[in-house]
Amino acid sequence: MENNQQGKECADRSDLVSEDGKNSKSIVCQRCGSKVLCPGAAVFAEKELFLPSMRKKSNLSPKEGSVDGDTLTAHWFVDDMYTFENVGFTKDVGKIKYLVCADCEIGPIGWHCLDDKKSFFVAVERVNHA
């Protein structure tokens, strides 16, 4: 069954990634449908990143040391914050700002390290494609 799931993921991914490695569809918020990125605006990248569980922005700050979440590897990479159609940023969490939907504030949908001003990652699993 695991092989079948991997095959399905590859087929799904090929539907989302163009031949030049960019997103072939609009990237939209899972909750409200607001457009985050236009087609062709981001490059598919595999990088292992930890993202806290999805919730409203006001609840994102870790309060008691341990944060539940997921380690995700499939992301859309953007090198300029002005490429986004609609995205918000959390307050600094260490050297990281998490990306959230600017309309409904659900997130985190992505990750930005303050050490690298040209690296923004949006998790493929945390957004929809239209």
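These numbers were taken from a predicted model, which means no experiment stands behind them. The chain is numbered in sequence order, starting from 1.
Checked against side-chain contact (heavy atoms from CB on, under 4.5 Å), Ala102 has the following partners two or more places apart in sequence or in another chain: Asn86. For Glu19, there are no side-chain contact (heavy atoms from CB on, under 4.5 Å) partners at least two apart in sequence or on another chain. For Lys35, the salt bridge (Lys or Arg N to Asp or Glu O under 4.0 Å) criterion is met by no residue, not counting sequence neighbours. Residues that satisfy the side-chain contact (heavy atoms from CB on, under 4.5 Å) test with Ser18, not counting sequence neighbours, are Asp20, Lys22, Ser24. Under the side chain to side chain donor-acceptor pair (under 3.5 Å) criterion, Asp116 pairs with Ser119, not counting sequence neighbours. Not counting sequence neighbours, Lys118 has no partner by the salt bridge (Lys or Arg N to Asp or Glu O under 4.0 Å) test. With sequence neighbours excluded, the residues that form a side-chain contact (heavy atoms from CB on, under 4.5 Å) with Asn128 are Val28, Gln30. Here Asp103 pairs with nothing under the salt bridge (Lys or Arg N to Asp or Glu O under 4.0 Å) rule; sequence neighbours left out.
Residues Gly110 and Leu51 approach most closely at O-CD2, 3.6 Å, considering heavy atoms. Scanning both residues, Ala41 and Asn23, for their nearest heavy atoms gives N-OD1, 3.0 Å. The shortest non-hydrogen separation linking Phe50 to Pro52 is CE2-N, 4.0 Å.
Within the structure, ring pair (Phe, Tyr, Trp, His ring centres under 6.0 Å) contacts touching residues 18-40 (residues at least two apart or in different chains) do not occur. Among residues at least two apart or in separate chains, there is no ring pair (Phe, Tyr, Trp, His ring centres under 6.0 Å) pair with a member in residues 15-43.
When atom types are taken as modelled, the side chain of His75 and the backbone of Phe44 share no donor-acceptor pair closer than 3.5 angstrom. At distances below 3.5 Å, not a single donor-acceptor pair connects side-chain atoms of Arg126 with backbone N or O atoms of Gly107. Judged by distance alone, the side chain of Ser53 and the main-chain N or O of Asp68 form a donor-acceptor pair under 3.5 Å.
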Extract all donor-acceptor atom pairs below 3.5 Å that involve side chains of residues 76-85 and protein atoms in other chains or at least two apart in sequence.
{"unit_1": "Trp76", "atom_1": "NE1", "unit_2": "His129", "atom_2": "NE2", "d": "3.0"}
{"unit_1": "Asp80", "atom_1": "OD1", "unit_2": "Tyr82", "atom_2": "N", "d": "3.0"}
{"unit_1": "Thr83", "atom_1": "OG1", "unit_2": "Asp80", "atom_2": "O", "d": "3.1"}

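Linking ILVMFWY side-chain heavy atoms closer than 4.5 Å, directly or via other members, places Val124 and Val43 in two distinct hydrophobic clusters.
Atom-to-atom distance recorded for Glu48:CD and Thr73:OG1 is 7.0 Å, nearest 0.5 angstrom.
The shortest distance between side-chain heavy atoms of His112 and Phe121 does not fall below 4.5 Å. The closest side-chain heavy-atom distance from Val100 to Ile106 is not below 4.5 Å. The closest side-chain heavy-atom distance from Leu49 to Leu72 is not below 4.5 Å. Ile109 places a side-chain heavy atom less than 4.5 Å from the side chain of Val127. In this structure, Cys29 and Cys104 have side chains that are in contact, with non-hydrogen atoms separated by less than 4.5 Å. No side-chain heavy atom of Lys25 sits under 4.5 Å from any side-chain heavy atom of Pro39.
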Leu37 and Ser26: CA distance, side-chain angles, deciding distance, side chain to side chain contact (heavy atoms under 4.5 Å, CB included) verdict: CA-CA 6 Å; Leu37 287 163; Ser26 290; over 6 Å; no

Residue pair Cys32, Cys101: steps toward the side chain to side chain contact (heavy atoms under 4.5 Å, CB included) verdict: CA-CA 9 Å; Cys32 72; Cys101 174; 3.7 Å; yes

